[in-house]
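The block underneath contains the structure these notes are about, expressed in structure tokens.
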Amino acid sequence: MWRVIIRIGYFNDIGSRLRTRVVQCFNNLGLQNTATGTFESAAVDRAQAAAQLAQVLQAIANPQQFPEVNAICELKHLWLYIDRV
């Protein structure tokens, strides 16, 4: 079994609009916010872990896909981990 762990930050995310959208995506995938500011999945099989990461990357690939997001919003950092539980 595998676990997905993600930490993400943005430049110019006025009103945390992109963060709100991405957190919704994380929640839909079953990733839970931890006390350390990361999002973590439960133990899942390898294919599901890969699918979770693919969906996260699609959500953040183009921040301007969301009309409410500031046009100059961009990724500051993205830490992705998949580790064996």
Side-chain angles (χ1 to χ4, degrees):
M1 299 301 283
W2 297 84
R3 176 179 55 183
V4 174
I5 303 169
I6 300 170
R7 184 172 175 98
I8 193 166
Y10 310 95
F11 290 113
N12 303 307
D13 186 18
I14 297 170
S16 296
R17 293 178 182 147
L18 180 58
R19 183 184 190 288
T20 299
R21 283 291 196 135
V22 172
V23 167
Q24 289 171 352
C25 175
F26 290 170
N27 291 336
N28 292 342
L29 292 170
L31 299 166
Q32 298 298 313
N33 195 353
T34 69
T36 63
T38 61
F39 292 84
E40 186 174 315
S41 75
V44 296
D45 64 43
R46 182 175 39 201
Q48 188 174 355
Q52 286 175 333
L53 282 181
Q55 289 180 19
V56 166
L57 292 173
Q58 286 176 345
I60 64 169
N62 178 16
Q64 285 70 38
Q65 68 183 303
F66 307 114
E68 70 276 13
V69 172
N70 184 349
I72 60 171
C73 183
E74 61 185 7
L75 186 64
K76 180 178 181 181
H77 67 266
L78 174 64
W79 302 336
L80 300 172
Y81 304 91
I82 296 180
D83 66 355
R84 210 176 272 273
V85 177

Open item on the list: Taking salt bridge (Lys or Arg N to Asp or Glu O under 4.0 Å) as the cut-off, I'd like each qualifying pair that reaches into residues 31-48, sequence neighbours left out, listed once.
Closed with: Arg3-Glu40
TODO: Sort and list the pairs that fulfil side chain to side chain donor-acceptor pair (under 3.5 Å) and have at least one residue in residues 7-26, not counting sequence neighbours.
DONE: Arg21-Glu68
- [ ] Using a 4.5 Å cut-off on heavy atoms from C-beta on, say whether the side chain of Ile8 contacts that of Leu75.
- [x] yes
Open item on the list: Restricting to ring-ring contact (aromatic ring centres under 6.0 Å, His included), what partner residues turn up for Phe26, sequence neighbours left out?
Closed with: Phe39
Task: ILVMFWY clustering at 4.5 Å (side-chain atoms), partners of Trp79 - done: Ile5, Tyr81
Task: Gap between atom CG of Leu18 and atom CD of Glu74 - 0.5 Å precision - done: 11.5 Å
Open item on the list: Contact between Leu57 and Leu80 at the side-chain level, heavy atoms closer than 4.5 Å - yes or no?
Closed with: yes
Open item on the list: Who clusters with Ile14? Use side-chain heavy atoms, under 4.5 angstrom, across I, L, V, M, F, W and Y, and order the result by chain and number.
Closed with: none
Task: Leu31 vs Val4, side-chain contact (heavy atoms from CB on, under 4.5 Å): CA-CA, chis, key distance, verdict - done: CA-CA 8 Å; Leu31 299 166; Val4 174; 4.2 Å; yes
- [ ] Check whether any side-chain heavy atom of Ile6 sits under 4.5 Å from a side-chain heavy atom of Leu53, and report yes or no.
- [x] yes
TODO: Give every residue pair that meets the side chain to side chain donor-acceptor pair (under 3.5 Å) criterion with at least one member in residues 50-64, sequence neighbours excluded.
DONE: none
Task: Pro63 to Cys73 - nearest heavy-atom pair and separation - done: CG-O, 4.1 Å
